[in-house]
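Letters go in sequence order (proteins before strands), and every chain restarts at 1.
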There are 2 protein chains.
Amino acid sequence: MADATTATAPIHHEVLAAVLQVRQGTLRVLLWQRAMEPHAHRWSLPGGLLRMDEDVETSIRRQLAEKVDVRQVSHVEQLAVFSAPDRTPGARVIASAFLCLVPSHLDPELPGDTEWHQLESLPDTAFDHRAIAVRARDRLRAKLSYTNIGFALAPPAFTISALRELYSAALGYRVSATNLQRVLSRRGLLEPTGRTTRPGRAGGRPAAEFRFADASMAVTDAFAVLKPPGQQR
Amino acid sequence: MADATTATAPIHHEVLAAVLQVRQGTLRVLLWQRAMEPHAHRWSLPGGLLRMDEDVETSIRRQLAEKVDVRQVSHVEQLAVFSAPDRTPGARVIASAFLCLVPSHLDPELPGDTEWHQLESLPDTAFDHRAIAVRARDRLRAKLSYTNIGFALAPPAFTISALRELYSAALGYRVSATNLQRVLSRRGLLEPTGRTTRPGRAGGRPAAEFRFADASMAVTDAFAVLKPPGQQR
DNA sequence: CCAAAAGTGTTTGGATTACACCCATGA
DNA sequence: TCATGGGTGTAATCCAAACACTTTTGG
């Protein structure tokens with residue numbers, strides 16, 4: 001409601017999450033289907049209004065808890081503000097959008113109105129949520145190249161070929177297991193668990209198991225060019 | 001999505017700009033000195049409250065016009081939202097922060113309360129504005145490596161050694177003119193104007209003049225690793 | 001002719017891709 | 001022993017940093 005002491009009409013602030021996970025070999029985003037107008041039946045990103053006592057990151061974690069167990073979210077980062085005056089009908093709402101990741105081995109319980117949708121074939125989306133989801137996908141793809149963010153898509157332990165499938169699904173093209181292992185190893189991101197997995201019925205050599213050395217995001221390939229002098233990579 | 005009838009206290013939304021320019025060989029940020037409480041006498045980033053009819057980028061360009069001629073701003077991009085509930089005393093204000101760049105050959109008229117401050121030795125700053133300025137600096141430094149963003153720091157035409165000084169000032173370490181030229185040339189970012197500059201009193205070979213081929217930001221070194229197959233750089 | 005500044009040639013090291021080949025297992 | 005999938009060796013390519021050397025000017 002309007003505050004009589006302010007000269008401007010109130011602007012509401014919401015937080016929205018593009019929660020991404022690799023499922024069944026494709027990159028997917030969590031969407032819920034709106035029951036009511038506006039944009040009834042269309043699919044929306046989870047989120048909601050910011051509360052007075054929380055910053056935007058605290059808020060998105062709280063709101064996400066209504067859709068998925070927050071402890072299953074392995075990474076949260078700000079994407080951008082979406083603020084077009086007409087991005088929603090009626091009262092003005094500014095959105096702070098987030099990229100959130102869930103590791104592939106988890107399968108959170110979901111409310112009935114919620115589903116994982118392939119990013120490459122999104123259904124009818126509400127408001128500007130399609131643009132937000134696409135932005136999240138692009139941010140993830142870029143960061144797979146120069147950060148250790150793969151840890152947030154992968155289970156605690158994995159084989160190189162399992163990791164290759166995660167990277168391939170997220171990036172949208174086939175990644176070579178050989179090169180993936182070398183790039184991540186040279187950067188010191190991977191460490192062997194010492195264990196191996198048993199081959200399937202078809203046989204084959206048992207695969208060595210690895211884990212990511214760190215479970216928080218760090219830039220691993222900064223200053224690709226124009227490095228400070230005397231600092232060969 | 002927001003329900004406009006929710007009874008929450010109003011949250012104000014402001015936009016803030018970290019306007020950066022290389023001046024006298026160092027990277028600087030535009031700050032104005034607050035006259036009134038809160039944080040009187042401390043230095044602030046330019047900006048102000050968002051209006052009902054503008055998105056955040058439109059707003060920051062409008063507000064900036066009060067401090068510098070907006071036509072002199074060569075690049076504007078969103079940095080992040082700063083939303084800690086106690087980031088300002090009194091009514092809650094959420095800030096959308098921007099990185100803005102001004103080319104080095106311009107010297108905008110400034111209001112009396114406004115000055116360019118070295119980023120490496122900031123004065124007492126108001127609120128969380130120091131953190132925002134530092135974030136802007138870091139973003140600029142990262143993007144100098146993998147985008148053509150140098151165009152936004154440089155005049156329309158320049159010599160390689162002038163460009164080297166801009167990059168050195170922005171990055172905070174000495175960049176080699178030889179390698180700078182080769183990196184930017186290989187990426188097709190530089191084109192010769194055909195003209196040369198006259199050497200100073202001390203003599204020396206006349207320097208060739210160059211310009212940037214594009215005047216809007218583009219990523220020039222994406223997919224540093226894990227490139228799609230068959231796509232050698 | 002010398003100093004100064006700009007520009008080019010070349011070497012070196014490193015990173016990444018691509019691909020051939022070897023290893024360990026189930027049947 | 002063979003098919004299968006995992007893992008390692010290695011060559012080819014490309015990029016960028018470093019530095020020596022050449023070019024063009026003013027005095």
Side-chain angles (χ1 to χ4, degrees), chain A residues 144-147 150 157-168 171 173-210 219-233, chain B residues 144-146 150 157-168 171 173-210 220-233:
Chain A
L144 282 170
S145 180
Y146 67 93
T147 73
F158 47 82
T159 64
I160 296 297
S161 53
L163 192 64
R164 178 180 68 85
E165 276 165 36
L166 293 177
Y167 272 75
S168 297
L171 289 170
Y173 54 79
R174 180 148 291 262
V175 172
S176 132
T178 302
N179 296 331
L180 179 63
Q181 177 173 23
R182 296 212 185 151
V183 166
L184 298 184
S185 295
R186 178 152 19 76
R187 295 181 179 175
L189 305 188
L190 291 184
E191 42 189 43
T193 66
R195 287 174 304 181
T196 55
T197 58
R198 284 226 301 284
R201 302 133 191 67
R205 177 169 167 175
E209 236 185 35
F210 291 85
V219 173
T220 58
D221 194 29
F223 294 117
V225 296
L226 302 177
K227 277 182 278 301
Q231 251 178 255
Q232 284 286 7
R233 206 188 306 206
Chain B
L144 283 170
S145 178
Y146 67 94
F158 47 82
T159 64
I160 296 297
S161 53
L163 192 63
R164 179 179 69 86
E165 278 166 34
L166 293 178
Y167 271 75
S168 298
L171 289 171
Y173 53 80
R174 179 148 292 262
V175 173
S176 134
T178 302
N179 296 331
L180 179 63
Q181 177 173 23
R182 295 208 185 155
V183 166
L184 299 184
S185 295
R186 189 186 3 257
R187 296 181 179 175
L189 305 187
L190 291 185
E191 41 189 43
T193 66
R195 288 174 303 181
T196 56
T197 58
R198 285 225 302 283
R201 302 132 192 69
R205 178 170 168 172
E209 236 185 36
F210 292 85
T220 58
D221 193 29
F223 294 118
V225 295
L226 303 178
K227 276 182 278 299
Q231 252 178 255
Q232 283 286 7
R233 205 187 310 205

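Both B:T178 and B:V183 lie close to DNA chain D; mapped to their nearest nucleotides by heavy-atom distance, the more 5′-ward contact belongs to B:V183. Residues B:L226 and B:A162 each lie close to DNA chain C; by heavy-atom proximity, the contact nearer the 5' end of the strand is made by B:A162. In terms of position on DNA chain C, the residue among A:N179 and A:R198 whose nearest nucleotide sits closer to the 5' end is A:N179.
As a whole-Å value, the separation of B:E165 CD from C:dA6 P is 9 Å. C:dA15 atom P lies 10 Å from atom CZ of A:R187, rounded to whole Å. In this structure, CG of A:L180 is placed 15 Å from C1' of C:dA15, rounded to the nearest angstrom. In this structure, A:D221 places its CG atom 15 Å from P of D:dC15, rounding to the nearest Å. Residue B:I160 contributes atom CD1, which lies 18 Å from atom P of D:dT24 at whole-angstrom precision. The CG-C1' distance, from A:L190 to D:dG7, rounds to 14 Å in whole Å. At whole-Å resolution of the value, CZ in B:R174 and P in D:dA17 are 15 Å apart. As rounded to whole Å, 12 Å separates atom P of D:dG7 from atom CZ of A:F158.
Nearest to the side chain of A:S161, among D:dG6, C:dT16, C:dA6, sits D:dG6. Distances were taken from every side-chain heavy atom of B:R186 (C-beta onward) to each of C:dA15, C:dT25, D:dA16; the shortest belongs to D:dA16. Side-chain proximity of A:Q181 to D:dT8, C:dT16, D:dA16: nearest is D:dT8.
Atoms OG and CD1, on B:S185 and B:I160 in that order, are 6.0 Å from each other to the nearest 0.5 Å. Of the inter-residue distances, the one linking A:R187 atom CZ with A:R182 atom CZ reads 15.0 Å to the nearest 0.5 angstrom. Taken to the nearest 0.5 Å, the OG1 atom of B:T178 stands 9.5 Å off from the CZ atom of B:R164.
Scanning all heavy atoms of the two residues, the minimum distance from B:L190 to B:Q181 falls at CD1-O, 4.4 Å. Heavy-atom minimum distance, A:S168 versus A:V175: OG-N, 3.1 Å.
If one axis is set at each end of the helix from C:dC1-D:dG27 to C:dA27-D:dT1 from five pairs, those axes are 20° apart, to 10°.
Within the 4.5 Å cutoff, the side chain of B:L226 has heavy atoms near those of the A:Y167 side chain.
Considering only side-chain N and O atoms, B:R182 lies nowhere under 4.0 angstrom from the phosphate OP1 or OP2 of D:dC15.
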Pairs of donor and acceptor atoms involving the side chains of residues 194-206 of chain B, under 3.5 Å and at least two apart or interchain, shall be tabulated with distances.
{"residue": "B:R195", "atom": "NE", "partner": "B:E209", "partner atom": "OE1", "Å": "3.1"}
{"residue": "B:R195", "atom": "NH2", "partner": "B:E209", "partner atom": "OE1", "Å": "2.9"}
{"residue": "B:T197", "atom": "OG1", "partner": "B:A207", "partner atom": "O", "Å": "3.4"}

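Residue B:S176 is out of contact with every strand shown, counting any heavy-atom pair closer than 4.0 Å.
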Please report the C-alpha distance between A:V225 and B:R186 in whole Å, then the side-chain angles of each, then the deciding distance to 0.1 Å, and finally whether the side-chain contact (heavy atoms from CB on, under 4.5 Å) criterion is met. CA-CA 12 Å; A:V225 296; B:R186 189 186 3 257; over 6 Å; no
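Of the residues in residues 200-210 of chain A, those lying under 4.0 Å from DNA chain D by heavy-atom distance are A:A202, A:G203, A:G204, A:R205, A:P206, A:A207, A:A208.
With hydrogens and angles disregarded, no donor-acceptor distance shorter than 3.5 Å links the side chain of A:T147 to the backbone of A:T220.
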